[in-house]
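By convention here, the first residue in the shown sequence is residue 1. Everything numeric in this text was worked out from a predicted model, so none of it was measured.
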Amino acid sequence: MNNHKRLKVALIGAGGWGRQHARVFQSREDVDLCAIVGRSVEKTKKRAAEFGANAYTDIARMLDREQPELVSLCLPNQEHFEPTLQIIRAGFPLLVEKPLVYDLKEADILMNEIGFRRHTAKNEGMTIPKRFYTLGPARITNH
């Protein structure tokens with residue numbers, strides 16, 4: 001490892017996709033996987049121990065204690081909205097697997113919150129991986 005600073009990453013989701021993200025983050029010399037947040041205390045402790053991270057079952061507590069530079073959200077698709085909104089409002093950069101949400105009203109809330117935060121804070125953003133797009137991203141509107 002060289003003298004460059006390591007990116008402090010927290011993961012939300014102790015299941016299968018969370019494990020895949022943890023595996024990739026742990027394999028990188030430039031990343032410090034600091035925390036894994038899950039719903040089940042036992043499962044989360046086991047997953048965190050597997051990757052040498054701290055285990056949490058409360059997102060707010062993890063954000064406060066760890067102060068990650070990136071949060072990777074790896075939850076079942078239908079459970080993205082509340083944690084995503086919480087992390088955006090807390091001001092942490094965020095990586096969210098797709099779909100972002102299924103409900104257009106929830107999407108509007110998230111997009112409006114991101115727009116507001118973009119104008120009021122520095123170094124904040126959200127990334128939605130686009131690995132399966134063939135025509136490029138489309139703008140969702142609620143008519």
Practice problem: Identify the heavy atoms of Pro68 and Val9 that sit nearest to each other, and give their distance. | Solution: CB-C, 4.4 Å
Practice problem: Measure the shortest side-chain to side-chain distance between Ile88 and Leu94 over non-hydrogen atoms and say whether it is less than 4.5 angstrom. | Solution: yes
Quiz prompt | With sequence neighbours excluded, residues passing side chain to side chain donor-acceptor pair (under 3.5 Å) with Asn54 | solution = Glu66
Quiz item: Minimum heavy-atom separation for Leu33 to Ala53, with atom names?
Solution: O-CB, 3.6 Å
Quiz item: Roughly how far apart are Cys34 SG and Tyr56 OH, rounded to 0.5 Å?
Solution: 7.5 Å
Practice problem: Please answer whether the main-chain N or O of Asp108 pairs with a side-chain N or O of Asn112 as donor and acceptor at a distance below 3.5 Å. | Solution: yes
Exercise. Could I get the full list of salt bridge (charged side-chain N to carboxylate O under 4.0 Å, His left out) partners for Arg61, not counting sequence neighbours?
Key: none
Quiz prompt | Rounded distance (nearest 0.5 Å) linking atom CG of Leu7 with atom CG of Asp32 | solution = 9.0 Å
Exercise. Go through the steps to decide whether His21 and Leu95 satisfy the test side chain to side chain contact (heavy atoms under 4.5 Å, CB included), and finish with yes or no.
Key: CA-CA 11 Å; His21 281 237; Leu95 171 72; 4.0 Å; yes
Self-check item: By side chain to side chain contact (heavy atoms under 4.5 Å, CB included) - contacts of Leu85 (at least two apart)
Solution: Phe81, Arg89, Ile109, Leu110, Glu113
Practice problem: Going by the side-chain contact (heavy atoms from CB on, under 4.5 Å) test, name the single residue among Leu73, Leu75, Ile87 that passes it with Val96. | Solution: Leu73
Quiz prompt | Closest contact, heavy atoms only, Ile36 versus Gly13 | solution = CG2-O, 4.2 Å
Practice problem: Would you check, one step at a time, whether the test side chain to side chain contact (heavy atoms under 4.5 Å, CB included) holds for Cys74 with Leu11? | Solution: CA-CA 7 Å; Cys74 303; Leu11 180 65; 3.5 Å; yes
Self-check item: CG-CZ distance between Asp30 and Arg6, expressed to the nearest 0.5 angstrom
Solution: 8.0 Å
Practice problem: Apply salt bridge (charged side-chain N to carboxylate O under 4.0 Å, His left out) to Glu79 and list each qualifying residue two or more places apart in sequence or on a separate chain. | Solution: Arg39
Quiz item: Should Ile59 and Ile12 count as side-chain neighbours, where that means a heavy-atom distance under 4.5 Å?
Solution: yes
Exercise. For Glu50, check side chain to side chain contact (heavy atoms under 4.5 Å, CB included) against everything at least two apart and list the hits.
Key: Arg19, Arg47
Exercise. Sequence neighbours left out, what passes side chain to side chain contact (heavy atoms under 4.5 Å, CB included) with Val41? Give chain and number order.
Key: Lys45, Thr57
Quiz item: Does one hydrophobic cluster hold both Phe92 and Met111, with members joined at side-chain heavy-atom distances below 4.5 Å?
Solution: yes
Practice problem: Can you sort out the partners of Arg23 under salt bridge (charged side-chain N to carboxylate O under 4.0 Å, His left out), two or more places apart, ordered by chain and number? | Solution: none
Quiz item: Taking only residues two or more places apart in sequence or in another chain, which ones pass side chain to side chain contact (heavy atoms under 4.5 Å, CB included) with Ala49?
Solution: none
Quiz item: So, for Ala48 and Ala55, which heavy atoms are closest and what is the spacing to 0.1 Å?
Solution: CB-CB, 3.7 Å
